[in-house]
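Accompanying notes for the structure given below.
This structure is a prediction, so every number in the text was calculated from the model and none was measured. As the structure lists them, so they are numbered: ligands from 1, and atoms in each ligand from 1.
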Amino acid sequence: MQVLKADGIVQVFEGREVLSGLDLTLGQGEILGLLGANGAGKSTLLKILTGMQRPVGGRVCFLGRPLSEDYPGNLARMGVFINEPVFYESLSARENLEIDLTYLALADREHREAEPTGISQLLDKVGLAADSATPVGRYSMGMRQRLALARCMGHHPDLYLLDEPLNGLDPVAIGQLRNSLRNLAAQGSAILFSSHSLSEVLRTADHVMVVADGRVSLRASVPELINQGQEAAERTLVKAMEG
Ligand SMILES: Nc1ncnc2c1ncn2[C@@H]1O[C@H](COP(=O)(O)OP(=O)(O)OP(=O)(O)O)[C@@H](O)[C@H]1O
């Protein structure tokens, strides 16, 4: 089943076209890695896909219907990680998650009865169980990143939109996140994540999409790319990023 479909997305900032008619599809259970040089428009695209930013042209459909049709209900069915996460600094990780999940349940009219994943289980999944009572203001950058990821996962989203989720994570946490994403996809969620790590995209995603000059310069299956060998696959990706 198609979870996300974007057609002809155009975005213009200060007279400059950043996205020039970009198309994208993402199916249930699929992990799509989004690559592009600095300033290529990855974050812009992710914001448009969440409905946080309105494009100048094009349309976004979520689960077969226009994204704007049930908003913020649709947003409550997404796990979104974009920009610096903002938390209640004096509250603990557990208290922050309790508040987030309560708001999300209120916004999601259709699935209001669904039980959020246990908060302890979530904290455990991102490796924060031992620090769950610590005020978030005392967290390191990597711990904040982990908590932001836990916040995305608690309400069983159909779609994850993650902007550079690996930033600030140590290698152990990156491995845990990779496993979590694979498990979520195996349970049917669709995942789109951006990254500057070619090797991590190749290790985690099923498909990769490269944005250059405002368009998709490459969309490829990861197993097919890897068949060329790791170095050749990375060269292909870099070439596509150069446009
Ligand atoms: N609100 C805005 N107003 C003006 N220009 C913007 C705005 N948001 C983004 N831009 C510009 O649009 C272009 C794309 O930015 P975007 O943040 O989407 O790129 P990115 O691919 O995520 O980059 P990076 O890899 O560096 O995070 C950049 O040139 C950026 O300066």
Side-chain angles (χ1 to χ4, degrees), residues 4-26 30-62 67-68 71-72 75 78-86 141-142 144-149 151-152 159-170 173-174 177-178 181 190-205 207-220 222 225 233-243:
L4 187 66
K5 188 168 189 320
D7 292 306
I9 300 296
V10 177
Q11 188 60 301
V12 175
F13 292 122
E14 295 156 4
R16 194 168 63 86
E17 204 167 78
V18 172
L19 300 176
S20 311
L22 188 144
D23 301 324
L24 172 150
T25 55
L26 184 61
E30 188 184 343
I31 307 181
L32 177 62
L34 175 62
L35 290 167
N38 287 134
K42 301 178 297 298
S43 301
T44 301
L45 175 63
L46 284 161
K47 284 178 198 160
I48 290 169
L49 296 175
T50 63
M52 288 175 189
Q53 196 179 98
R54 201 177 280 261
V56 170
R59 62 188 233 136
V60 179
C61 284
F62 177 52
L67 176 63
S68 54
Y71 205 78
L75 192 54
M78 297 179 183
V80 176
F81 177 100
I82 294 181
N83 291 337
E84 290 274 296
V86 176
M141 180 189 163
R144 295 172 75 84
Q145 194 88 340
R146 288 166 186 243
L147 181 56
L149 290 165
R151 176 154 78 180
C152 292
L159 171 66
Y160 287 85
L161 294 171
L162 311 174
D163 195 9
E164 300 193 33
L166 307 174
N167 269 7
L169 296 185
D170 63 40
I174 288 177
L177 178 62
R178 192 186 314 125
L181 295 184
I191 299 168
L192 172 58
F193 77 100
S194 71
S195 178
H196 284 299
S197 166
L198 304 183
S199 58
E200 261 323 308
V201 168
L202 291 172
R203 285 180 84 172
T204 308
H207 287 87
V208 58
M209 180 175 120
V210 182
V211 178
D213 302 323
R215 295 181 187 276
V216 177
S217 60
L218 177 80
R219 168 141 186 160
V222 167
L225 277 173
E234 294 194 10
R235 269 200 308 275
T236 302
L237 294 173
V238 171
K239 197 154 171 258
M241 286 165 70
E242 287 167 350

- Query: In the protein, what heavy atom is nearest to atom 17 (O) of ligand 1, and what distance, to one decimal place, separates them?
  - Reply: S43 CB, 3.7 Å
- Message: Is it the case that ligand 1 has an N or O less than 3.5 angstrom from some N or O of V18?
- Response: no
- Message: Can you confirm whether R178 is buried at CZ, in the sense that more than 12 heavy atoms of other residues, nucleotides or ligands lie under 6.0 Å from that atom?
- Response: yes
- Message: Can you report which non-hydrogen protein atom sits closest to atom 26 (O) of ligand 1, along with the distance?
- Response: N38 ND2, 2.9 Å
- Considering K47, E164, K42, Q53, which one's heavy-atom position lies nearest to atom 20 (P) of ligand 1? K42
- Numbered atoms and elements of ligand 1 in range of H196, under 4.0 angstrom, heavy atoms: 25 (O)
- Test Q11 against every option in R16, R54, Q53 by the side-chain hydrogen bond (donor to acceptor under 3.5 Å, both in side chains) rule and name the one that passes. Q53
- Residue part near ligand 1, for A37, under 4.0 Å between non-hydrogen atoms: backbone
- Query: At under 4.0 Å between heavy atoms, which part of T44 makes contact with ligand 1: side chain, backbone, both or neither?
  - Reply: both
- With sequence neighbours excluded, tell me which residues meet side-chain contact (heavy atoms from CB on, under 4.5 Å) with S68. P66
- Item | Heavy-atom pair with the smallest gap, counting every atom of A37 and M241 | N-CE, 3.8 Å
- Query: Any nitrogen or oxygen of G36, main chain or side chain, under 3.5 Å from a nitrogen or oxygen of ligand 1?
  - Reply: no
- Message: L192 vs L24, test: side-chain contact (heavy atoms from CB on, under 4.5 Å). Steps then yes/no.
- Response: CA-CA 11 Å; L192 172 58; L24 172 150; 4.1 Å; yes
- Minimal non-hydrogen separation, V80 against M52, with atom names: CG1-CE, 3.6 Å
- Message: According to salt bridge (charged side-chain N to carboxylate O under 4.0 Å, His left out), who are the partners of D213, at least two apart in sequence or on a separate chain?
- Response: none
- Are any of the N/O atoms in F13 less than 3.5 Å from those in ligand 1? no
- Item | atom 23 (O) of ligand 1: nearest protein contact (heavy atom, Å) | G39 N, 2.8 Å
- Within 4.0 Å of some non-hydrogen atom of R16, the atoms of ligand 1 are 11 (C), 12 (O), 13 (C), 28 (C), 29 (O)
- Non-hydrogen atoms of T236 and L218 that approach each other most closely: CG2-CD2, 4.2 Å
